[in-house]
Amino acid sequence: MIGDSRFDPTKGEFRMFSGGKRLGPLERGIQTKDPKLIIGTLKARCLIDESKDDSCWVWQGARRGRYGFTGRAATNRLAHRVIAWASLGCVGPIEMMPHIHHTCGVPLCLNPRHLMPVTALANILERSARNALLQEISLLRRALEAIDPAHPILDRQLRLDSSAEVPTRSIVHESSRIRVNRLRRNFEYQGRLQAHAQRRFAEIVEVDALMARGMKRPEALKRAGVSRSVYDDWKPRLNLALRAAEE
């Protein structure tokens with residue numbers, strides 16, 4: 001069990017606990033699938049320019065590379081993925097969320113209006129195209145500075161940079177070595193996720209096979225070493241995977 005509800009006599013209310021410790025509001029919101037609590041908690045830790053319509057919500061907490069993250073150990077999650085999941089109504093397991101694309105181009109932004117679920121390929125292509133355009137703009141700007149340092153376009157560009165919600169250096173060129181290491185880590189992580197899913201699927205298949213032979217569900221779960229919550233969580237995932245394989 002990840003967490004349970006206990007009555008706190010000092011507060012006169014029920015509170016969520018995990019491992020003997022009271023859960024924070026974000027993890028409580030994730031476990032209870034409370035979009036309002038999740039979005040409000042994450043938004044409170046963002047820098048927002050209220051003078052602008054639809055401003056970026058720039059994360060002020062911890063970072064993992066270019067992105068913000070929350071929690072520790074088992075509850076360590078990328079902040080933009082959590083708030084995107086909440087903005088979609090907390091549908092399905094949070095781990096099954098697709099890749100999230102920042103339409104604003106600001107990796108630390110948590111504004112749900114700037115986050116869009118996409119395929120991994122679409123996310124990579126858009127980011128690569130944007131970075132290429134930014135590099136070309138930088139080259140053209142330096143060439144214009146050499147020809148006409150007083151050109152009004154350069155002044156306008158400087159004003160745009162100075163009013164940006166995050167420093168422009170947050171978008172940098174990625175060297176081949178850094179890119180290879182990042183891709184290697186991603187592949188290793190995806191491999192661990194796939195191995196975990198295969199192990200869970202095998203457990204669900206074993207439980208179903210035992211029940212098909214007439215064994216009661218509690219006994220089948222005990223025989224396979226699977227908890228009821230794990231079965232209820234992974235059975236729909238297995239069904240989705242099987243339907244996808246048939247299509």
Side-chain angles (χ1 to χ4, degrees), residues 1-4 18-19 21 23 26-27 29-31 33 38 62-86 88 90-102 107 115-128 174 176-213 215 217-247:
M1 182 181 295
I2 296 177
D4 62 342
S18 177
K21 297 181 179 180
L23 296 177
L26 179 59
E27 189 62 27
I30 292 173
Q31 291 192 18
K33 294 190 173 182
I38 295 171
R63 303 183 185 186
R64 181 195 297 168
R66 300 188 306 158
Y67 301 99
F69 76 92
T70 66
R72 291 176 292 181
T75 62
N76 188 310
R77 301 180 180 92
L78 291 172
H80 69 281
R81 289 182 58 80
V82 175
I83 203 167
W85 176 69
L88 294 173
C90 300
V91 178
I94 190 172
E95 296 80 8
M96 300 297 287
M97 277 284 293
H99 288 262
I100 301 299
H101 168 59
H102 288 79
L115 304 176
M116 179 176 65
V118 296
T119 64
L121 178 59
N123 195 35
I124 291 173
L125 290 176
E126 195 283 334
R127 184 176 60 193
S128 298
E174 187 177 49
S176 298
R177 179 179 59 82
I178 293 176
R179 178 177 176 80
V180 168
N181 288 335
R182 177 175 60 79
L183 291 176
R184 176 182 54 79
R185 290 193 299 269
N186 287 344
F187 288 146
E188 291 175 351
Y189 175 68
Q190 293 298 328
R192 290 194 297 270
L193 287 181
Q194 185 176 5
H196 176 68
Q198 290 175 347
R199 184 171 68 253
R200 289 302 190 192
F201 287 163
E203 293 172 346
I204 301 306
V205 169
E206 182 181 358
V207 172
D208 289 345
L210 291 172
M211 290 192 295
R213 293 200 292 267
M215 187 177 293
R217 173 171 160 169
E219 186 179 352
L221 292 172
K222 184 177 181 180
R223 177 75 63 85
V226 179
S227 67
R228 184 179 61 182
S229 61
V230 168
Y231 181 86
D232 291 340
D233 186 24
W234 282 90
K235 177 63 175 179
R237 303 191 202 187
L238 176 60
N239 292 338
L240 286 175
L242 291 175
R243 283 200 294 269
E246 293 173 355
E247 294 177 354

Please tabulate, for side-chain N and O atoms in residues 196-203, each donor-acceptor pair with protein atoms closer than 3.5 Å (sequence neighbours left out).
unit_1: His196; atom_1: ND1; unit_2: Arg199; atom_2: NH2; d: 2.8
unit_1: Arg200; atom_1: NH1; unit_2: Glu203; atom_2: OE1; d: 3.0

Acceptor/donor pairs from residues 79-86 side chains to any protein atom, 3.5 angstrom cut, sequence neighbours excluded:
unit_1: Arg81; atom_1: NH1; unit_2: Pro98; atom_2: O; d: 2.8
unit_1: Arg81; atom_1: NH2; unit_2: Met97; atom_2: O; d: 2.8
unit_1: Trp85; atom_1: NE1; unit_2: Val91; atom_2: O; d: 3.4
unit_1: Trp85; atom_1: NE1; unit_2: Gly92; atom_2: O; d: 3.0

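With sequence neighbours excluded, no residue satisfies salt bridge (charged side-chain N to carboxylate O under 4.0 Å, His left out) with Lys222. Taking Pro236 as the reference, nothing meets the side-chain contact (heavy atoms from CB on, under 4.5 Å) condition, with sequence neighbours excluded. Residues passing the side-chain contact (heavy atoms from CB on, under 4.5 Å) test with Ala220 are Val207, Leu210, Met211, Met215, sequence neighbours excluded. Applying the side chain to side chain donor-acceptor pair (under 3.5 Å) criterion to Arg223, with sequence neighbours excluded, gives no partner residue. Residues passing the side chain to side chain donor-acceptor pair (under 3.5 Å) test with Asp208 are Tyr231, Lys235, sequence neighbours excluded. Considering only residues two or more places apart in sequence or on other chains, Arg217 meets the salt bridge (charged side-chain N to carboxylate O under 4.0 Å, His left out) condition with Asp232.
Between the side chain of His102 and the backbone N or O of Pro107, at least one donor-acceptor pair lies under 3.5 Å.
Residue Arg64 qualifies as enclosed at atom CZ: its count of foreign heavy atoms under 6.0 Å is above 12.
When all heavy atoms of Leu26 and Ile38 are compared, the closest pair comes out as CD1-CG2, 3.9 Å. The shortest heavy-atom contact between Cys90 and Lys33 is O-CD, 3.6 Å. Residues Ile30 and Arg77 share a closest heavy-atom pair of CD1-NH1, 3.4 Å.
Note that CG of Leu238 is 12.0 Å distant from CG of Asp233, once rounded to the nearest 0.5 Å.
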